[in-house]
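Please read the structure below before turning to the comments.
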Amino acid sequence: MPDRAPQPVDRQLPTEESRELMALVRDIAQREIAPRAAEEEEAGHFPREVFSLLSEAGLLGLPYDSAHGGGDQPYEVYLQVLEELAAARLTVGLGASVHTLACHGLAGFGTKEQRTEHLPAMLGGGLLGGYCLSEPASGSDAASLRTKAVRDGDDWVITGTKAWITHGGIADFYTVMARTGVEGPRGITAFLVPGGAEGLTAAAPEKKMGMKGSPTAQLHFDGVRVPDARRIGDEGQGFAIALSALDGGRLGIAACAVGVAQAALDAAVAYAGERRQFGRPIADFQGLRFMLADMATQIEAGRSLYLAAARLRDAGRPFSRQAAMAKLFCTDAAMRVTTDAVQVLGGYGYTADFPAERYMREAKVLQIVEGTNQIQRIVIARHLAGPESR
């Protein structure tokens, strides 16, 4: 691969503090993450040491209150940090997004006592979180989940199976949605479950097309006992908590998608400037130049879309529709951009000696997680035309 380093993204950051933060993130990404990304992904190595470093640097709790160990950063800044991390290695960027998702329930709906007791360790104490909503038979139809939590005195006993859990088997804590009442969304409650709880086991990690360094596994709850003090929010409020978390999580995925696409564009531009055919760099050929221009335009459009949604969130305004739009557009754009990057590199793009094929494999999962892009279209249409007739 050519040694020409890509130019940093020219970001419009709101404060000097956020500009210094971004410089720190870029330094960590370039020194600690990117150089080992390809080798560790191929080996299926999860970089727990990198997440420990991010925690020590205060980068795993950025959008949360500093009173509980967070970074007091607006989503506008937090998402751009995710983008930088994902450009270096998606396992890290998406992992940071999932950790933030796992902290959302307690930070937003927990009691003062719960936040004081748990959040400092979750946000800056070296812990890593997981988020448990999906199940083998309830993915897009999350409200039909079957995992049950039954009250037993001052405890709840959780039984069931969760599926497609990022950090499954290695997380220190999980935010778990379980059925405590009637069928449908009103019967779901959220719980904060320790990763080492008795009766909680993980299946072997899934064998995936990409993101091999990020473990994704089923979790089995065999009578896992959790005190009522670890219930998040009211009984029956769990599905509303889950949806609230997913709105922010979708923006995290959008930012990660833009990061992967940016990395793919950088690789394509560098290669096109070095590779010579017919006596000149292939970047001189108009057909290829137009491909690069289209790739760059899609990335800029996606970045603008997720930042616009983030600014709505930061202003306390509704942003669910815009979050769905950002997730939909950015992940579809990442799939197109990474596919074009492979094409720019030609035969080399199809080999593991260059990163383009890894970016393309990784982009695919972003169209699926945090709600498939078909679900995003349903969400957007409901905002425009109301719910479907039954």
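Small disclaimer: the values here were computed from a predicted structure and weren't measured. Values reported hereafter were calculated over all heavy atoms of this structure, with side chains retained and with hydrogens, waters and symmetry mates removed.
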Heavy atoms, side chains only, cut-off 4.5 Å: are Val379 and Ser320 in contact?
no
Carefully, step by step, assess Gln80 and Leu307 under the rule side-chain contact (heavy atoms from CB on, under 4.5 Å).
CA-CA 8 Å; Gln80 293 186 78; Leu307 285 174; 3.7 Å; yes
Side chain proximity check, Lys162 to Ile165, heavy atoms < 4.5 angstrom:
yes
Hey, is Glu39 close enough to Arg36 for a salt bridge, meaning N to O under 4.0 Å?
no
Thr15 and Ser18: side chain donor to acceptor below 3.5 Å:
yes
Check whether any side-chain heavy atom of Glu83 sits under 4.5 Å from a side-chain heavy atom of Arg303, and report yes or no.
yes
Between Leu21 and Leu59, is there a side-chain heavy-atom distance shorter than 4.5 Å?
yes
Kindly indicate whether the side chain of Leu90, heavy atoms from C-beta on, has any atom under 4.5 Å from the side chain of Leu366.
yes
Give me each pair satisfying side chain to side chain donor-acceptor pair (under 3.5 Å) with a member in residues 234-244, each pair once, sequence neighbours excluded.
His104-Ser244
Sorted by first residue and then second, give each salt bridge (charged side-chain N to carboxylate O under 4.0 Å, His left out) pair with at least one member in residues 89-108; sequence neighbours left out.
Glu40-Arg89, Glu41-Arg89
Indicate whether the side chain of Thr100 and that of Tyr64 have a donor and an acceptor atom separated by less than 3.5 Å.
no
Are His167 and Phe46 an aromatic pair, judged by ring center distance below 6.0 Å?
yes
Report the residues that fulfil side-chain contact (heavy atoms from CB on, under 4.5 Å) with Asn373, sequence neighbours left out, ordered by chain and then residue number.
Lys327, Leu328, Thr331, Asp332, Gln367, Gln376, Arg377
So, Lys208 and Glu362, do they make that salt bridge, N to O below 4.0 Å?
no
Taking NZ, NE, NH1 and NH2 as the nitrogens, is one of them in Glu370 or Arg250 under 4.0 Å from a carboxylate oxygen of the other?
no
Identify, with sequence neighbours excluded, every residue that meets side-chain contact (heavy atoms from CB on, under 4.5 Å) alongside Thr339.
Met335, Met360
Using the side-chain contact (heavy atoms from CB on, under 4.5 Å) rule, take Leu54 and Val92 through it: C-alpha gap first, then chi angles, then the decisive distance, then the call.
CA-CA 10 Å; Leu54 295 179; Val92 177; 3.8 Å; yes
Which atom names give the shortest non-hydrogen contact between Ala356 and Leu345, and what distance separates them?
CB-CD2, 4.2 Å
Under the side-chain contact (heavy atoms from CB on, under 4.5 Å) rule, what do Asp284 and Arg289 come out as? Steps first, then yes or no, please.
CA-CA 7 Å; Asp284 281 357; Arg289 295 173 77 87; 4.3 Å; yes
Give a yes or no on whether a salt bridge exists between Arg115 and Asp65, defined as a side-chain N under 4.0 angstrom from a carboxylate O.
no
Is the shortest distance from a Lys or Arg side-chain nitrogen in Arg231 or Asp228 to a carboxylate oxygen in the other one below 4.0 Å?
yes
So with a 6.0 Å cut-off around CD of Gln286, is the heavy-atom count from everything else above 12?
no
Are there more than 12 heavy atoms of other residues, nucleotides or ligands under 6.0 Å from atom CD of Gln343?
no
side-chain contact (heavy atoms from CB on, under 4.5 Å) with Ala326: which residues, sequence neighbours excluded?
Leu251, Ala254, Leu305, Tyr306
Is Arg280 atom CZ crowded by more than 12 heavy atoms from other residues, nucleotides or ligands, each under 6.0 Å away?
yes
Around atom OH of Tyr350, are there more than 12 heavy atoms of other residues, nucleotides or ligands at under 6.0 Å?
no
Under 4.5 Å between any side-chain heavy atoms of Trp156 and Asp152, yes or no?
no
Could you list the donor-acceptor pairs under 3.5 angstrom formed by side chains in residues 186-204, with sequence neighbours left out?
{"residue": "Thr189", "atom": "OG1", "partner": "Thr180", "partner atom": "OG1", "Å": "2.6"}
{"residue": "Thr189", "atom": "OG1", "partner": "Gly236", "partner atom": "N", "Å": "2.9"}

Can you tell me if Asp222 has over 12 outside heavy atoms packed within less than 6.0 Å of its CG?
no
CA sep, side-chain torsions, deciding dist, call: Glu388, Ile378, side-chain contact (heavy atoms from CB on, under 4.5 Å)
CA-CA 9 Å; Glu388 303 88 336; Ile378 291 174; 3.6 Å; yes
Would you say Lys148 has more than 12 foreign heavy atoms packed within less than 6.0 Å of its NZ?
no
